[in-house]
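Quick note: numbers below take in every heavy atom, side chains included, and nothing from hydrogens, waters or symmetry partners. Small disclaimer: the values here were computed from a predicted structure and weren't measured.
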Amino acid sequence: MDRYVIVCLLKGEILKFHNSLVEDICLNFKVKRQKLPAHFTIKAPFETDKINQIELILEKFMLDKYKEKILVNGFNHFRSDVVFMKVSLCDKALDIHDSFIKELKKISWLTWKNHEGESNNKIFHCTLVSGLKDNKFYPIWEYVNNYTANFHSYFDNISILKWEDRKWVTYKQFYFK
């Protein structure tokens, strides 16, 4: 079985800012770089040999959907081991996200954790660094708060990434109109 994750890949100025800030953090604080590009997660990693079922759902789902606005604004953290940029979806983007989750939940073999699913159970974010120890978290938290993250963009894709050769690679991207 192969391992996959479903995300919205963030591009343009957000991607450039994310890459630069992650590089600075990893270099200055001697921490490991995460293995995913700039994104917000739609469905956390899962294993399957039936990815074609999800591809078919996506092909049909994307036919009548249009890209919708998102805002990447500021920073936050989970506990003291994950630092991220905050991602806010407009109401229409939230509706699209939740509609897609409902379609995925029709797949009987796909499992879900408490923090996954519809938007009311989820904190949308774009991770900068994770797996931190306390002695790294506080200096990194102070460091990122010297920056301003304020980007308008779009929820314009749903992408499937696949775990290959100890890294995530883009398996297939589906774009909204």
Check your understanding: Taking the six-membered ring of Phe29 as reference, does the NZ or CZ atom of Lys136 fall below 6.0 Å from its centre and within a 45° cone about the axis?
Key ->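 So Lys136 doesn't make the cation-pi contact.
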
Check your understanding: So, is the end of the Lys105 side chain (NZ or CZ) under 6.0 Å from the ring centre of Trp112 and within 45° of the ring's axis?
Key ->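 Yes, a cation-pi geometry.
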
Compile the donor-acceptor pairs under 3.5 Å between side chains in residues 38-45 and protein atoms, sequence neighbours left out, one pair per line.
unit_1	atom_1	unit_2	atom_2	d
His39	ND1	Pro37	O	2.7
His39	NE2	Thr41	OG1	3.2
Lys43	NZ	Thr111	O	2.9
Lys43	NZ	Glu116	OE1	3.3
Lys43	NZ	Glu116	OE2	2.9

Nearest-0.5 Å distance, [atom1] of residue [X] to [atom2] of residue [Y]:
{"X": "Trp163", "Y": "Leu36", "atom1": "CH2", "atom2": "CG", "value": "8.0 Å"}
{"X": "Leu10", "Y": "Tyr154", "atom1": "CG", "atom2": "OH", "value": "14.0 Å"}
{"X": "Ile6", "Y": "Phe46", "atom1": "CD1", "atom2": "CZ", "value": "4.0 Å"}
{"X": "Ser159", "Y": "Tyr4", "atom1": "OG", "atom2": "OH", "value": "14.5 Å"}
{"X": "Thr170", "Y": "Lys162", "atom1": "OG1", "atom2": "NZ", "value": "12.5 Å"}
{"X": "Phe174", "Y": "Ile158", "atom1": "CZ", "atom2": "CD1", "value": "9.0 Å"}

For a 4.5 angstrom cut-off between non-hydrogen side-chain atoms, does [X] reach [Y]?
{"X": "Glu118", "Y": "Lys102", "value": "yes"}
{"X": "Val7", "Y": "Trp168", "value": "no"}
{"X": "Val82", "Y": "His77", "value": "no"}
{"X": "Asp2", "Y": "Thr48", "value": "no"}
{"X": "Ile140", "Y": "Leu128", "value": "no"}
{"X": "Ile70", "Y": "Phe124", "value": "no"}
{"X": "Val22", "Y": "Val129", "value": "no"}
{"X": "Asp81", "Y": "Phe137", "value": "no"}

**Study point:** Under the side-chain contact (heavy atoms from CB on, under 4.5 Å) test, residues paired with Lys60 that sit two or more places apart
**Key:**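 With sequence neighbours excluded, Lys60 shows a side-chain contact (heavy atoms from CB on, under 4.5 Å) to no residue whatsoever.
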
Check your understanding: Got a sec, which residues hit side-chain contact (heavy atoms from CB on, under 4.5 Å) with Tyr175, two or more places apart in sequence or on another chain?
Key ->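 Counting only residues at least two positions away or on another chain, Tyr175 forms a side-chain contact (heavy atoms from CB on, under 4.5 Å) with Lys11, Asn157, Gln173.
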
Might you confirm whether atom [atom1] of [X] has over 12 heavy atoms from other residues, nucleotides or ligands at distances under 6.0 Å?
{"X": "Lys69", "atom1": "NZ", "result": "no"}
{"X": "Asn146", "atom1": "CG", "result": "yes"}
{"X": "Tyr66", "atom1": "OH", "result": "no"}
{"X": "Ile107", "atom1": "CD1", "result": "yes"}

Report yes or no: does [X] contribute a side-chain atom to a donor-acceptor pair with the main-chain N or O of [Y] at less than 3.5 Å?
{"X": "His125", "Y": "Thr127", "answer": "no"}
{"X": "Lys177", "Y": "Leu63", "answer": "yes"}
{"X": "His18", "Y": "Lys16", "answer": "no"}

Hydrophobic cluster identity match, [X] and [Y], side-chain contacts under 4.5 Å:
{"X": "Ile25", "Y": "Trp141", "answer": "yes"}
{"X": "Val31", "Y": "Leu21", "answer": "yes"}
{"X": "Val72", "Y": "Tyr143", "answer": "yes"}
{"X": "Leu161", "Y": "Met62", "answer": "no"}
{"X": "Leu132", "Y": "Tyr147", "answer": "yes"}

**Study point:** Working for side-chain contact (heavy atoms from CB on, under 4.5 Å), residues Leu58 and Glu55
**Key:** CA-CA 5 Å; Leu58 270 164; Glu55 291 175 61; 5.7 Å; no

Exercise for review: Only counting residues at least two apart or in another chain, list the ones meeting side chain to side chain donor-acceptor pair (under 3.5 Å) with Lys167.
Suggested key: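 Expected list: none.
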
Exercise for review: Would you mind checking if Arg33 and Glu23 are paired as a salt bridge, meaning a charged N to carboxylate O distance below 4.0 Å?
Suggested key: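 Yes.
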
Between side-chain atoms of residues 83-97 and protein atoms elsewhere (two or more places apart, or another chain), which donor-acceptor pairs fall under 3.5 Å?
unit_1	atom_1	unit_2	atom_2	d
His97	NE2	Lys122	NZ	2.8

**Study point:** ring-ring contact (aromatic ring centres under 6.0 Å, His included) partners of Phe61, counting only residues at least two apart
**Key:**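 Scan of Phe61 (ring-ring contact (aromatic ring centres under 6.0 Å, His included), adjacent residues dropped) gives Phe100.
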
